[in-house]
2 protein chains.
Amino acid sequence: MGMPASDRLGIDLHLADQELLAAKRVAVEPAGLTVPQYAALFVLAENAGISGAALARACQVTPQAMAVLLRHLTDRGLVERAPHRWHRNILETRLTDRGRAALELADDRASAVEQALHAEFTSAERDHLRQLLARATSALRRAAHALD
Amino acid sequence: MGMPASDRLGIDLHLADQELLAAKRVAVEPAGLTVPQYAALFVLAENAGISGAALARACQVTPQAMAVLLRHLTDRGLVERAPHRWHRNILETRLTDRGRAALELADDRASAVEQALHAEFTSAERDHLRQLLARATSALRRAAHALD
DNA sequence: CGATCATCATCAATGCATTGATGACTGTCA
DNA sequence: TGACAGTCATCAATGCATTGATGATGATCG
């Protein structure tokens with residue numbers, strides 16, 4: 001094979017993200033939410049009336065994926081959607097009170113996860129990690145573009 | 001909300017992993033594989049005759065998820081499964097020639113992605129990044145355990 | 001005014017992941 | 001020998017993600 005698994009930096013990156021996802025799942029589950037649902041509600045909380053497509057972009061998923069997710073949330077009464085006054089084509093999406101309550105419960109625990117991550121590092125280490133991750137991100141973007 | 005989004009280190013981590021996943025998708029797609037399928041074949045290449053459950057553990061997914069994935073791969077003739085000689089209960093899984101060919105094609109391109117990631121950093125930076133990621137991983141594991 | 005383009009929503013097919021439950025088999029220990 | 005624990009496979013329900021295709025709407029430019 002092209003490269004020994006132990007040399008693949010991507011594996012370490014992925015393991016860390018897997019662990020993050022698992023921790024967030026544990027955090028958010030008592031609120032009756034999944035991680036993507038939590039992410040959507042989080043964005044929604046500060047962007048009332050956003051369109052489904054814009055919400056999808058903010059959450060880095062396709063509009064189709066977001067549509068399914070929003071359907072579940074509307075069915076459960078956590079968000080509500082209504083046609084825009086002028087642009088009748090777009091559905092404005094808003095948190096309901098129940099949605100806001102679920103989000104707050106979830107965010108308390110999800111914040112604890114982020115706090116733990118924060119507390120693991122010194123300020124300098126955090127800056128360095130962010131910088132390294134940013135460089136990895138753009139290197140990967142370039143690599144994908146080159147292969148494409 | 002508990003913590004401003006800009007302070008959440010987890011977001012940067014997740015963005016980097018998303019980019020990695022996207023790049024790998026581009027890499028393995030011409031081989032007719034998805035990223036999880038590529039991962040399974042990769043492990044399978046060096047562990048002929050492994051059980052489905054063990055393969056699932058190696059790939060960090062549930063046995064159920066792996067079972068579905070293996071079904072697709074066997075249907076397409078990339079792997080073959082046969083009952084173990086003694087432990088009739090377990091299905092030994094092996095690459096077929098077609099599976100090996102698909103894996104090689106995919107791994108050439110996937111390796112290029114890992115090479116690009118490798119090339120972005122100096123040796124010292126790579127070590128540091130790995131160390132930071134390892135610390136993040138264990139901090140997250142502890143956080144999840146504390147919440148649970 | 002009318003063609004074009006961008007944005008939005010939605011249908012369909014496919015694949016990956018989870019939890020939970022069930023049944024079959026092996027090996028061990030009392 | 002017979003109960004028990006561990007491992008394995010598999011069924012079912014639910015949710016998230018992709019690509020691809022379709023159609024509706026509003027804005028822009030010739």
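In what follows, every chain begins at residue 1, and chains take the letters A, B, ... in the order their sequences are listed. Everything numeric here is computed off the predicted structure, so don't read it as measured data.
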Distance check: side-chain N/O of A/Thr34 vs OP1/OP2 of D/dG15, anything under 4.0 Å? no

Taking only side-chain N and O atoms of B/Arg81, does any of them lie within less than 4.0 angstrom of OP1 or OP2 on D/dA9?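 Answer is yes, contact under 4.0 Å.
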
Are the side chains of A/Leu9 and B/His118 in contact, using a 4.5 Å heavy-atom criterion? no

A/Val61 and A/Leu69, any side-chain heavy atoms less than 4.5 Å apart: no

Does [X] reach a base, just sugar-phosphate, or nothing at all? Heavy atoms under 4.0 Å.
{"X": "A/Val68", "answer": "nothing"}
{"X": "A/Ala53", "answer": "sugar-phosphate"}
{"X": "B/Arg57", "answer": "sugar-phosphate"}
{"X": "A/Thr62", "answer": "base"}

Just how far, in rounded Å, is [atom2] of [N] from [atom1] of [X]?
{"X": "A/Ile50", "N": "C/dA9", "atom1": "CD1", "atom2": "P", "result": "10 Å"}
{"X": "B/Leu70", "N": "D/dC8", "atom1": "CG", "atom2": "P", "result": "14 Å"}
{"X": "B/Arg76", "N": "C/dT14", "atom1": "CZ", "atom2": "P", "result": "13 Å"}
{"X": "B/Glu29", "N": "D/dG20", "atom1": "CD", "atom2": "C1'", "result": "13 Å"}
{"X": "A/Leu33", "N": "C/dT18", "atom1": "CG", "atom2": "C1'", "result": "16 Å"}
{"X": "B/His72", "N": "D/dT18", "atom1": "NE2", "atom2": "C1'", "result": "14 Å"}
{"X": "A/Arg71", "N": "D/dT14", "atom1": "CZ", "atom2": "P", "result": "14 Å"}
{"X": "A/His84", "N": "D/dT25", "atom1": "NE2", "atom2": "P", "result": "16 Å"}

Looking only at the side chain of [X] (C-beta and beyond, no hydrogens), which of the listed nucleotides [options] gets closest?
{"X": "B/Ser51", "options": "C/dT10, D/dT18, D/dA9", "result": "D/dA9"}
{"X": "B/Leu91", "options": "C/dC16, D/dT18, D/dT10", "result": "D/dT10"}
{"X": "A/Gln64", "options": "C/dT18, C/dC11, C/dC16", "result": "C/dC11"}
{"X": "B/Gln37", "options": "C/dT10, C/dC16, D/dA17", "result": "C/dC16"}

Lys/Arg N to Asp/Glu carboxylate O, [X] vs [Y], below 4.0 Å:
{"X": "B/Arg142", "Y": "A/Glu120", "result": "yes"}
{"X": "B/Glu19", "Y": "A/Arg141", "result": "yes"}
{"X": "B/Glu114", "Y": "B/Lys24", "result": "yes"}

Above 12 or not: heavy atoms from other molecules or residues under 6.0 Å from CG of A/Asp75? yes

Do B/Arg81 and B/Thr93 meet the criterion of a side-chain donor-acceptor pair at a distance under 3.5 Å? yes

When the nearest nucleotide of DNA chain C is assigned to A/Arg25 and to A/Gly52 on a heavy-atom basis, which residue is associated with the more 5' position?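 Closer to the 5' end of DNA chain C: A/Gly52.
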
Which residue in the set A/Leu78, A/Val79, A/Asn47 passes side-chain contact (heavy atoms from CB on, under 4.5 Å) when paired with A/Leu95?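 For A/Leu95, the side-chain contact (heavy atoms from CB on, under 4.5 Å) check succeeds only for A/Val79.
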
Does anything in residues 139-148 of chain B come within less than 4.0 Å of DNA chain D? Heavy atoms only, and list the residues if so.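 When residues 139-148 of chain B is checked for heavy atoms under 4.0 Å from DNA chain D, there are no hits whatsoever.
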
